[in-house]
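Below is one structure, written out as structure tokens; the observations come after it.
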Amino acid sequence: MTEGITTPGAGWRRADGPPAQKRQKRRRRGGGRPGGEVAMVEEAEFTSYYGRPIIKPPVWKTPDVPLYLFLGGAAGSSSIMAALADLTDRPALTRNARYVSGGAAIASVVFLVHDLGRPERFLHMLRVIKPTSPLSIGSYILAPFSAAAGATAAVELLGWFPRLKRFGGVVAALFGGPLATYTGVLFANTAVPSWHAAHKELPFVFGASGMAAGGGLTMALSPIDEAGPSRKMAVAGAAIELAAMHRVETEFGIVSEPYHEGRAGRLLRAAKSCTAAGAALTVVAGRRRAGAVVAGALLAAGSLLTRFGVFEAGMASARDPKYTVVPQRERLAARENGHAPTITR
Amino acid sequence: MTSISSASPAFTGRDPDNRLFGPLPDVQGEAGYDGDHPARVGFFTDTSVCIGCKACEVACKEWNTLPMDDAHGVRDVIGLSGMSYDNTGQLGANSWRHVAFIEQTRTVDLPMPTFGRPGDDRQDSGRSVPDGPNDDSLATAQQSSVLNAEALSEFDPQTGQSGTDKQIRWLMSSDVCKHCTHAGCLDVCPTGALFRTEFGTVVVQDDICNGCGYCVPSCPYGVIEQRKGDGRVFKCTMCYDRLTDGLQPACATACPTQSIQFGNLDELQARADARLATLKEQGVETARLYGRDEDDGVGGNGAFFLLLDEPEVYGLPPDPIVTTRDLPAMWKSAGAAAVMILGVALSAVLGSRRLR
């Protein structure tokens with residue numbers, strides 16, 4: 001598979017097109033490389049087919065899918081908060097957490113269905129169950145969750161069936177955690193380089209981001225004296241989100257790049273500011289009405305921006321063949337030299 | 001194995017039968033077909049004899065009634081890509097075969113003037129070799145002489161010998177869906193619209209697909225795509241309809257040089273190995289098989305290639321790995337993160353005293 005690297009004399013270069021010439025010039029100035037070698041260094045020189053992407057970028061629409069991720073995260077964590085608050089007798093927090101979780105669950109289903117190429121066929125999602133498909137498993141998480149959380153919020157609003165309400169809340173809470181974290185698997189289980197590389201981190205990023213959003217929203221809506229658990233969950237979620245996101249942004253070499261650059265970089269920097277400010281404000285002023293509202297809004301905004309940023313970073317990494325070719329070349333070179341996948345330059 | 005075991009390797013990570021990753025001798029058997037299923041079929045695309053005629057693209061479009069699109073996949077538009085003779089651009093929902101064109105040069109360091117070498121005076125072409133070792137004028141002369149038919153006629157694309165210190169060759173390759181042993185698109189499809197046929201190929205059922213689009217970024221080769229205005233995804237079926245009637249796929253039937261060969265996969269693999277050995281013998285040192293190795297990241301391809309340069313030159317990933325290989329680690333991580341949420345919420349509730 002890699003004769004071209006090891007065999008001298010195969011110095012073929014693309015003959016036409018300005019990009020190729022530019023690249024050749026740069027190469028010549030740099031002293032030239034031995035023929036056939038594919039460079040994968042500083043400026044990330046690599047070969048591609050007229051600069052065209054190798055993989056197809058996701059066809060998922062924005063804002064549908066980032067919003068779905070945000071709402072799913074907020075709904076999941078607040079459903080857990082609702083169930084626990086119910087069991088520890090915090091009626092106002094219970095009610096508000098149920099509203100957040102039920103409303104967000106129903107809205108997230110709407111966004112998910114709207115994103116389908118054939119929305120009228122959304123029930124085909126439940127035709128089979130496939131552990132190899134995060135979207136299939138996700139559908140089987142989302143369907144009972146949104147039914148339970150939506151129904152719980154509805155009876156809460158109407159004031160009917162208190163027993164059923166508690167049962168529905170517990171069912172929703174059971175599916176809440178998986179709902180908030182499976183979306184990390186959904187993104188990571190693709191060939192999109194910047195998502196796949198961070199496949200162990202993304203579920204934590206999304207789960208923690210969901211806690212920050214759910215904690216923030218319920219904290220902003222609930223009376224100060226009942227909202228203690230929300231404040232704690234929001235601050236912990238924000239801290240974990242920042243830490244996990246830091247790993248995603250720094251640990252993966254070239255495929256971490258899209259998280260810093262362009263639109264994704266701007267979104268994620270804004271997300272970090274919002275999340276950090278929201279967490280700090282929660283600690284400082286979370287026990288005052290205005291402080292709780294502003295901090296909660298900041299945390300939710302940070303969570304939302306994180307989803308948009310991660311989404312955009314993945315799209316950028318799919319559109320540029322560099323992020324597909326260079327890591328795979330490094331992997332091949334490492335395998336050939338029989339050592340860890342770092343490349344000798 | 002005719003039933004799907006409840007303890008899926010996707011959750012447990014225990015995969016002794018290589019259902020997620022690794023070589024899989026009986027891919028139809030793994031998919032649940034009985035022992036008497038037909039042999040696995042495939043394409044061997046030998047790019048060293050491809051002449052870039054695009055008969056495969058045309059035959060495919062005609063047989064499968066695919067809509068017209070331009071080099072960027074925009075439907076019902078005629079457009080030139082402006083980069084080469086390739087105006088198809090890429091594989092997509094409306095192009096299930098794509099002939100890639102790459103024009104390459106290389107400089108060779110010849111110590112002597114090149115006249116007198118065998119083959120140079122073939123067909124009596126009257127191209128003169130410049131006297132001086134002036135690189136620029138030589139390059140210019142070469143550049144212009146390439147454009148006339150005489151110069152082209154003495155150029156042998158197979159070995160890349162044109163007899164001067166600057167060589168030109170064309171690479172042409174008909175790309176197609178790889179029908180992977182471990183197909184990312186098939187693994188992630190939530191509706192079961194994508195399925196493994198009795199021939200070992202991967203096909204979309206267009207009456208099931210709901211256009212979720214998950215298969216699109218999951219293909220490590222960027223093959224499958226959503227059709228604009230339709231919403232569903234489409235890709236090469238290896239002419240499933242023709243196969244069931246005992247016919248060859250349209251592209252292989254149309255190929256005038258047998259660059260596209262269709263047949264039982266094991267026979268094609270043997271043929272490809274022999275062809276590679278022949279080319280190596282003839283001194284084509286850059287020839288290599290792509291997708292032939294069943295130990296690669298997708299367990300080998302049902303449609304594999306003989307290439308004359310690095311895969312990425314043709315727009316193919318150099319070391320594709322099916323994304324589902326890492327799925328057990330991802331589910332584990334998601335499970336741990338879900339427990340984390342529960343733990344944080346629980347300790348937040350227990351650690352907060354009611355102020356009342």
Side-chain angles (χ1 to χ4, degrees), chain A residues 1 3-4 7 10-12 14-17 47-50 52 54-56 58-60 77 80-81 84 88 116-118 121 124-125 127-128 131-133 135-136 177-178 181-182 184-185 188-192 196 199-200 203-204 207 211 225 228-229 232-233 236 324-325 328-329 331-332, chain B residues 8 10-11 83 90 100 102-106 168 184 187-192 208 210-214 216-220 222 225-226 231-232 285-286 288 309-310 312-315 317-319 323-324 326-327 329-331 333-334 337-338 340-342 344-346 348-349 351-352 355-356:
Chain A
M1 295 275 291
E3 284 95 334
T7 317
W12 290 106
R14 203 167 83 205
D16 55 332
T47 328
S48 73
Y49 186 67
Y50 301 96
R52 284 179 167 251
I54 286 185
I55 65 161
K56 293 261 186 296
V59 291
W60 294 327
S77 64
I80 295 175
M81 185 51 73
L84 290 174
T88 54
L116 295 177
R118 288 287 176 104
R121 292 187 179 176
H124 287 200
M125 287 290 185
R127 228 183 127 250
V128 293
T132 58
S133 172
L135 196 46
S136 170
T181 60
Y182 100 86
V185 182
N189 192 41
T190 60
V192 175
H196 186 90
H199 64 258
K200 290 205 182 80
F204 283 95
M211 282 198 286
D225 63 330
K232 290 204 174 72
M233 184 167 85
T324 303
V325 173
Q328 295 192 9
R329 272 289 152 207
R331 203 155 64 202
L332 281 172
Chain B
S8 165
F11 285 141
M83 62 187 192
Q90 72 272 302
I102 306 107
E103 189 173 351
Q104 292 182 320
T105 68
R106 71 171 170 186
I168 292 201
D187 280 349
V188 305
C189 176
T191 62
I208 301 296
N210 68 0
C212 75
Y214 200 11
V216 176
S218 300
C219 172
E225 195 192 25
Q226 196 174 39
R232 294 170 297 174
E285 73 268 24
T286 56
R288 85 282 312 275
D309 204 334
E310 301 295 344
E312 58 264 38
V313 170
Y314 298 88
D319 183 32
T323 178
T324 328
D326 300 319
L327 190 55
M330 297 179 210
W331 281 134
S333 189
M340 170 195 80
I341 296 181
L342 209 57
V344 168
L346 203 59
V349 170
S352 302
L355 315 164
R356 195 175 271 184

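As the structure is a computational prediction, the values presented were derived from the model and not from experiment. Residue numbering restarts at 1 for every chain, and letters A, B, ... go by the order of the sequence lines.
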> Can A:Trp60 and B:Tyr214 be said to form a ring pair (Phe, Tyr, Trp, His ring centres under 6.0 Å), step by step?
Replying inline: CA-CA 8 Å; A:Trp60 294 327; B:Tyr214 200 11; 5.6 Å; yes
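- Checked by atom type and distance alone, the side chain of B:Trp331 pairs as donor or acceptor with a backbone atom of A:Pro131 at under 3.5 Å.
- Taking all atoms of both residues into account, the shortest heavy-atom contact from A:Gly177 to B:Ile341 is O-CD1, 4.3 Å.
- B:Ser218 approaches A:Asn189 most closely through the heavy-atom pair OG-O, 3.6 Å.
- In this structure a side-chain-to-backbone donor-acceptor pair under 3.5 Å is present from A:Arg331 to B:Asp319.
- Using a 4.5 Å cut-off between heavy atoms, A:Met233 contacts chain B through both its backbone and its side chain.
- For the atom pair OH of A:Tyr50 and CE of B:Met83, the computed distance is 6.0 Å after rounding to the nearest 0.5 Å.
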>> For B:Met330 and A:Lys200: C-alpha separation, side-chain torsions, deciding distance, then whether side-chain contact (heavy atoms from CB on, under 4.5 Å) applies.
In response: CA-CA 6 Å; B:Met330 297 179 210; A:Lys200 290 205 182 80; over 6 Å; no
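- Contacts of A:Ile80 with chain B are made by side-chain atoms alone, with heavy-atom separations under 4.5 Å and no backbone atom involved.
- The two residues B:Cys219 and A:Ile55 have their closest heavy-atom pair at O-CG2, 3.8 Å.
- Residue contact with chain B, scored on non-hydrogen atoms closer than 4.5 Å, involves the side chain of A:Ala236 exclusively.
- Here B:Cys212 is the residue among B:Gly213, B:Cys212, B:Ala329 with the most heavy-atom pairs under 4.5 Å with chain A.
- Contact record, A:Phe204 with B:Met340: CD2-SD, 3.7 Å, taken as the closest heavy-atom pair.
- The greatest number of non-hydrogen atom pairs below 4.5 Å with chain A, out of B:Val216, B:Asn210, B:Asp326, B:Val313, is found for B:Asn210.
- From A:Leu84, atom CG reaches atom OG of B:Ser352 across 11.0 Å, with rounding to the nearest 0.5 Å.
- Here the CD atom belonging to B:Gln226 is positioned 9.0 Å from the CG atom belonging to A:Leu116, to the nearest 0.5 angstrom.
- Side chain of A:Ser133 to main chain of B:Val188: a donor-acceptor pair is present (N/O by atom type, distance under 3.5 Å, no hydrogens or angles).
- The shortest non-hydrogen separation linking B:Ala348 to A:Lys232 is CB-CB, 3.7 Å.
- Side-chain atoms of A:His124 never come within 3.5 Å of backbone atoms of B:Thr191 as a donor-acceptor pair (strictly under, hydrogens ignored).
- In this structure, chain A has a heavy atom under 4.5 Å from the backbone of B:Tyr314, while its side chain stays farther away.
- Contact count against chain B (heavy-atom pairs under 4.5 Å) is highest for A:Gly117 among A:Gly117, A:Gly228, A:Ser136.
- Between chain A and the options B:Gly211, B:Ala338, B:Pro217, the largest number of non-hydrogen pairs under 4.5 Å is found for B:Pro217.
- Looking at A:His196, the atoms closer than 4.5 Å to chain B (heavy atoms on both sides) all sit in the side chain, from C-beta outward.
- The distance from the CG atom of B:Leu327 to the OG1 atom of A:Thr132 is 7.0 Å, given to the nearest 0.5 Å.
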>> Test side-chain contact (heavy atoms from CB on, under 4.5 Å) on B:Glu312 and A:Tyr49; report intermediate values, then the result.
In response: CA-CA 7 Å; B:Glu312 58 264 38; A:Tyr49 186 67; over 6 Å; no
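- Between A:Ala188 and B:Thr323, the shortest heavy-atom distance links the atoms O-OG1, 3.7 Å.
- For the options B:Leu346, B:Thr324, B:Ile208, heavy-atom pairs under 4.5 Å to chain A are most numerous at B:Ile208.
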